[in-house]
There are 2 protein chains.
Amino acid sequence: MPKTPRFTPKHNEEKQSRNAEVTKANILSAAIEEFAQYGLSGARTENIAKRSGVTKAMICYYFKNKKTLYQAVLNQLVLEINESFEAIDIEQQPVEQALESIVRSYIKFESKNRWHGMLWFQEALQNQGRYGEQTGWQEGFQSIVKLLEKGINEGVFRKVDPFLTAINILGICSFYFDAHENLKYLEPDRELLSSETIEQQTDAVLDLLVSGLMAS
Amino acid sequence: MPKTPRFTPKHNEEKQSRNAEVTKANILSAAIEEFAQYGLSGARTENIAKRSGVTKAMICYYFKNKKTLYQAVLNQLVLEINESFEAIDIEQQPVEQALESIVRSYIKFESKNRWHGMLWFQEALQNQGRYGEQTGWQEGFQSIVKLLEKGINEGVFRKVDPFLTAINILGICSFYFDAHENLKYLEPDRELLSSETIEQQTDAVLDLLVSGLMAS
DNA sequence: ATTTTAATTAAACAACTGTTTAGTTAGCGT
DNA sequence: ACGCTAACTAAACAGTTGTTTAATTAAAAT
């Protein structure tokens, strides 16, 4: 069994040449980027190696092969999304406020975590790892549906189709980031990923959704 | 110089074994599907060949190589989207009605033309062919922005950010189709691509957008 | 009918890419 | 300080994939 190497105990953890955990993590995060851009068959192990500053052999050393690495990436992402969203308590807050906090945290997640949405999209396009069937984000989706139903029953939201509307909410939040590389040419001056613009976008989304959903 | 073979003049154009135009078109449409799913580097010429029922050699015979074929696909798609949207006259109609006809025709286009949106997304993810810079869809986008500005000036629409809102409209319309392979697991009973559900989705989108945008 | 040309294919080729191997080195434990 | 083990590398290997070649066949032209 492998003994777990620790960070350099003295001085600080400046640069440490050999550390299994670290390089493994480096490969994984490089792989996320590569797979997010190019998908399973389009990704190149060479690129993943370069991105993480190791040789191709390391990938097989730690992850057996490309496909296994891809699965590892998928699992990693499921973990990350779960821990990001389990904190939110929708049940307590009033529906309008709950909607706002969901949208805010989802947009924040997408902006901090670009690769996630992109990889999710690759999965949608190619559907190889059956990411769509994985638990985790499905529950998140269902909680949006529930929230909408609750709001409708309370008479706060208009009578929309909860399922389709939940999809559309997801779409509004994701599209801006996932399609960014194409959208950025539209108004080159406006830096779409700057924190100010993201702030404006968040407001725009909330504005549109709240006005679109509220009764009366 | 190649003489252009015509369709069989007599009887009908049932099945014709050898016809450059037809096989070229077959390859092109097979390539659209393959590239839309797997992107440039992920696509396999072998698959494109199989999908179009010819040998790999034909691809190079007609399109030189994979990259050139990819460019041809991109050009083809620009043509198609242009001819689909140049017909719409937004200027004349009242803004609310114009918005509705844009959304309707955009959703219809996406539903009839699944690969387009998917390929556009691949471009967004990998940004290799600079599809985002290509003319055509940018103009379409600008016309949505213009429409929103007009509606705001007339006091029909609320004072939203026209640029961001245009992106969000696009997002709502696209996401449903582009992410379909992941969304379809959410409610397996509901056939998302059936004409009824698409109809419902169109109504849901229009409902959300109109309520979200209208003043008063 | 025959010739000619373009469309098409099968198989070889070449380039690329994922995986393995054998060997090297850093760092920990003693 | 020394040796052992795990982290790591370079290069070879094997499998895949894009492209080319040479031969074949269908259809148009004469």
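Order of the sequence lines sets the chain letters (A, B, ...), proteins ahead of strands, with each chain counted from 1. Just so it is clear, the structure is predicted and the values come from calculations on it, not from any experiment.
Rounded to whole Å, the distance from NZ on A/Lys24 to P on D/dC8 is 12 Å. Here the C1' atom of nucleotide D/dC8 and the CG atom of A/Asn26 are 14 Å apart, to the nearest Å. As rounded to whole Å, 16 Å separates atom C1' of C/dT25 from atom CG of A/Asn19. Look at CZ on A/Phe63: it is 16 Å from C1' on C/dG18, rounded to the nearest Å. As rounded to whole Å, 12 Å separates atom P of C/dT17 from atom OH of A/Tyr38. Atom CD of B/Glu21 is separated from atom C1' of D/dA28 by 16 Å (rounded to the nearest Å). Rounded to whole angstrom, the span from the CD atom of B/Glu46 across to the P atom of C/dA10 amounts to 11 Å. In this structure, CE of A/Met58 is placed 15 Å from P of C/dA26, rounded to the nearest angstrom.
When distances are taken from the side chain of A/Arg18 to each of D/dA7, C/dA7, D/dT19, the shortest belongs to D/dA7.
The base of D/dG18 is not paired with the side chain of B/Lys66 by any donor and acceptor separated by under 3.5 Å.
Note on A/Thr23: every side-chain N or O is 4.0 Å or more away from OP1 and OP2 of D/dA7. Not one side-chain nitrogen or oxygen of B/Thr45 sits closer than 4.0 Å to the OP1 or OP2 atom of D/dT17. Not one side-chain nitrogen or oxygen of B/Thr55 sits closer than 4.0 Å to the OP1 or OP2 atom of C/dT8.
Judged by closest nucleotide on DNA chain C, A/Arg44 is the one of A/Ala57 and A/Arg44 placed further toward the 5' end. With DNA chain D read from its 5' end, the first of the two nearest nucleotides for A/Lys56 and A/Tyr61 is the one closest to A/Tyr61.
Ring centroid separation for the pair B/Phe163 and B/Phe141 comes in under the 6.0 Å cut-off.
Relative ring orientation between B/Phe121 and A/Phe121 is described as parallel, the plane-to-plane angle staying below 30° on a 0-90° scale split at 30° and 60°. Taking the six-membered ring where tryptophan is involved, the planes of B/Phe175 and A/Trp120 are essentially parallel, since the angle between them stays under 30° and well short of 60°.
Using a 4.0 Å heavy-atom distance criterion, B/Ala49 is classed as making no nucleic acid contact. Residue contacts shown for B/Tyr62 are limited to sugar-phosphate atoms, with no base heavy atom under 4.0 Å away.
Just one residue in the list A/Glu33, A/Glu34, A/Lys56 forms a side-chain hydrogen bond (donor to acceptor under 3.5 Å, both in side chains) with A/Asn47, and that residue is A/Glu34.
Using modelled atom types, no side-chain atom of A/Lys24 and backbone atom of A/Phe63 make a donor-acceptor pair closer than 3.5 Å.
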